[in-house]
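Each chain gets a letter, A, B and so on, in the order its sequence line appears, and its residues count up from 1.
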Protein chains: 2
Amino acid sequence: MISNSISKHMAQMNPSLIREIFKAAQKENLISFAAGSPSAEEFPVSELSEAAERVFSAQGTTALSYGVTEGYQPLRQWITDALCREQICSEGDDVIVISGGQQALDFTAKCLIDEGDTVLVEAPTFLNALNTFRTYGARLAGVPMDEEGMDMDALEQALQKEPRVKFIYTIPNFQNPMGVTMSAARRSQLYALAEQYDVMILEDDPYGKLRYSGEPVAAVKTLDQGKRVIYTSSFSKIIAPGIRVAYLCAPKELMAKMVVAKQCVDVHTNMLSQLLVYDYLTHYDLEEHVRVCCEHYREKRDAMLAAVERAFPAEVSVTRPEGGLFLWVTLPEGYSGMEFYQHVVEAGVAPVPGAPFFADNMPDDRGMRLNFSVPSIRQIEEGIARMGGELRKFIQ
Amino acid sequence: MISNSISKHMAQMNPSLIREIFKAAQKENLISFAAGSPSAEEFPVSELSEAAERVFSAQGTTALSYGVTEGYQPLRQWITDALCREQICSEGDDVIVISGGQQALDFTAKCLIDEGDTVLVEAPTFLNALNTFRTYGARLAGVPMDEEGMDMDALEQALQKEPRVKFIYTIPNFQNPMGVTMSAARRSQLYALAEQYDVMILEDDPYGKLRYSGEPVAAVKTLDQGKRVIYTSSFSKIIAPGIRVAYLCAPKELMAKMVVAKQCVDVHTNMLSQLLVYDYLTHYDLEEHVRVCCEHYREKRDAMLAAVERAFPAEVSVTRPEGGLFLWVTLPEGYSGMEFYQHVVEAGVAPVPGAPFFADNMPDDRGMRLNFSVPSIRQIEEGIARMGGELRKFIQ
């Protein structure tokens, strides 16, 4: 019975390849570059513990009660003010608190995608975004990337070719998985193309505050006036991911639908978490905390790039991210990242093979993602050295 | 642009009528019977505060990190064991922790509904379930209710008539909004019909532990062996709703899809909340806590029924729930609950008008839902007296 009952969209979905890979990679002494998270060493455990004491003693009932779908109002206002200062939120927009950044992808797909509509995505892009869009029956078309972000000629061609594009999905800062940042010029071009072809943009910015070098680039959303850009960011990477607090800024008319979607999906974001984050924001210095995180991650990024320089053969290219959590390795033409992965895991190092990050129309198996935020500098140096040795054996 | 971009399913969704009604009902001195929640007086604030201290000092990093999609394993195991003891979980089933009971409705719809499939629902039923199923393009067909639950002849007729029924949605214990409990005989009939017509059942049981009189009736899921019943319950009504921890027990094959769905929707349930609930379950006596809650709610239910007896005209009927949070008022033929609502709010009492709880094929405007868990006994007596006065004026 059950097999026949599964909806068409879910019938085609399988457990994440990467999850299965991770399970296979539970070796002892494995050095993992497979994480997608900030370092637990940076979590403000004692500050949040103090926050919990204050919240339970002064607002225990509020923290344990049902809340409004849009979010705990003081937190929502704090976020709105911060986004307005950065010109991300304008008069035409509204802000809601969501249960982690993944919800922004789910709500955008739910509110915009009809069966067979196309989403244009960076190639490669965040794997779990591809899966979320697939659950709504979206066609996914990849747009090639270089060190400046999406290739704009290829984007325009895709907009011309694909008949029913609903939105363009981009991670402009320190992209997952490539680590590259879209230049200001490309952001303007992206927005202009979205205007010209009358499509929406989903701008996913979980890593934007984690910049270790170079100058900040204004969000695509700053070019918008409540018209066509959905902007999302999160406290997961700069405070902690386990408490699932993120936010969404979108044109009011669309936001009205997103609020209905949220009511149908999980009613409201965890109240205790919202109160903890708000207490943290009002009692501590988030900017200073982020500055310290950036210092540590910068050292790790630099250590990884230096180790790569020493250990990788010249034919293997890597990106040089100005922030975020990842860098991206590309093998020479004709070599498979998935195949190399099997070798390198045997040697005790786990990257993430890159093939699953590509939409179906653009298969590419030459990439691998390396995380530098979680491993220690020692692990980075040792792991990259081992990986370099394996690469030299693998590439003849 | 945006209006044209909204997906077909979301374009038809509007902000909940009830929410709008609530906003209109923000009068001073209003006695509200409109809540859908347990009483905040019963929340174990100091216990959860102690739990937070323990969790932050011993497992701070775990509480703040990403977790696995299926749930924090010790909590998941605790829930599995409890469900196995009640014969709800069998060999063929799997259990996951979810972010509140609403997610069970979302995941069931996502995993089972293709555009145009039918869901058979109790008439009336939980309003937010209707909306969730609508966002997946489901047809909704109501099955009439009486004091023993769904009318089984009507259910069989619906199964014969509707061509593509995917599942039957039921709240067998202390139903929302009617407060009635499905008899054991009806549960067996329901399961037999589901077998005969080869459809799934979604058994939603948020109130089951809140019984104030009568004998417990075994869950429909106890008749199943990992075959066709999806069972969901929650800690929202017996611990606290703001921390959003609930669970789902379903046949393994379907659960594999639900896990993929959860990964695409919110990755995993809030880790801090899961650790708090687990700490609470292992350091305190949940059964004793529930016993005390039941004692208080029983007094309130009895106070409401006694006040109704004194104040309501004989033509108005009310249900006599053995547990849960609600009772249901039915006006005589020809009178509108929505119209009465306007009068009674003017008189300073807010029930919830019943019309939105009915699927479109079975419009019925004679009902109203009354909550007795949140108001005080004094408010119950005063509010029901006022409402009775208004009823006597309204019904000529």
| Do you know which of B:Gly36, B:Gly60, B:Cys111 has the most heavy-atom pairs under 4.5 Å to chain A? | B:Cys111
| Quick one: what part of A:Ser236 sits under 4.5 Å from any heavy atom of chain B, side chain, backbone, both or neither? | side chain
| message | Heavy-atom pairs under 4.5 Å with chain B - which of A:Leu64, A:Leu276, A:Val45 has more of them than the others? | response | A:Leu64
| query | Which atoms of B:Ala256 come close to chain A, meaning under 4.5 Å heavy atom to heavy atom: side chain ones, backbone ones, both, or neither? | reply | neither
| field | Aromatic contact, A:Phe126 with A:Phe133 (centres under 6.0 Å) | value | no
| task | Output yes when B:Asp117 and B:Arg164 qualify as a salt bridge under the 4.0 Å nitrogen-oxygen rule, no when they do not. | result | yes
| How about B:Ser99 and A:Asp266: does a side-chain donor come under 3.5 Å of a side-chain acceptor? | no
| message | Counting heavy-atom pairs under 4.5 Å with chain A, which one of B:Lys8, B:Met13, B:Lys110, B:Gln103 comes out on top? | response | B:Lys110
| Option that, when pairs with chain A are counted at under 4.5 Å, heavy atom only, ranks first among B:Val55, B:Asp106, B:Asn270, B:Ile243 | B:Asn270
| message | Closer than 3.5 angstrom, by distance alone: can the side chain of B:Gln102 be matched with the main-chain N or O of A:Val267 as a donor-acceptor pair? | response | no
| request: Side chain from CB out, backbone as N, CA, C, O: work out which of these in B:Ile113 comes under 4.5 Å of a heavy atom of chain A, or both, or neither. | output: backbone
| message | Donor-acceptor check, side chain of A:Asn128 to backbone of B:Gln263, threshold 3.5 angstrom: yes or no? | response | yes
| query | Looking only at atom types and distance, does a side-chain atom of B:Thr108 sit under 3.5 Å from a main-chain N or O of B:Ala104, one as donor and one as acceptor? | reply | yes
| said: So which residue, B:Ser65, B:Ala52, B:Ser57, B:Pro251, ends up with the most heavy-atom pairs under 4.5 Å with chain A? | reply: B:Ser65
| Choice from A:Gly101, A:Gly242, A:Ala240, A:Pro38 maximising heavy atom contacts with chain B below 4.5 Å | A:Gly242
| query | Any ion pair linking A:Glu70 and A:Lys262 (charged N to carboxylate O, less than 4.0 Å)? | reply | no
| message | Return the CE to CD1 distance between B:Met200 and B:Ile168, rounded to the nearest 0.5 Å. | response | 11.0 Å
| note | Greatest number of non-hydrogen atom pairs under 4.5 angstrom with chain A, of B:Glu253, B:Glu115, B:Glu53, B:Met271, falls to B:Glu253
| remark: Note: vs chain A, highest number of non-hydrogen pairs under 4.5 angstrom among B:Ala40, B:Gly137, B:Ala11 is B:Ala11
| said: Heavy-atom pairs under 4.5 Å with chain B: which of A:Leu48, A:Thr135, A:Thr61, A:Ile98 has the most? | reply: A:Leu48
| When you look at CD of A:Gln73, are more than 12 heavy atoms from neighbouring residues, nucleotides or ligands closer to it than 6.0 Å? | yes
| query | B:Tyr136 versus chain A, heavy atoms under 4.5 Å apart: side chain, backbone, both or neither? | reply | side chain
| note | Bottom line for B:Ser37: the part with an atom under 4.5 Å from chain A's heavy atoms is both
| When A:Thr269, A:Leu254, A:Val265 are compared by non-hydrogen pairs under 4.5 Å with chain B, the top option | A:Val265
| task | Take A:Phe235 and A:Tyr247, measure what ring pair (Phe, Tyr, Trp, His ring centres under 6.0 Å) needs, and give me the verdict at the end. | result | CA-CA 8 Å; A:Phe235 294 108; A:Tyr247 47 93; 5.5 Å; yes
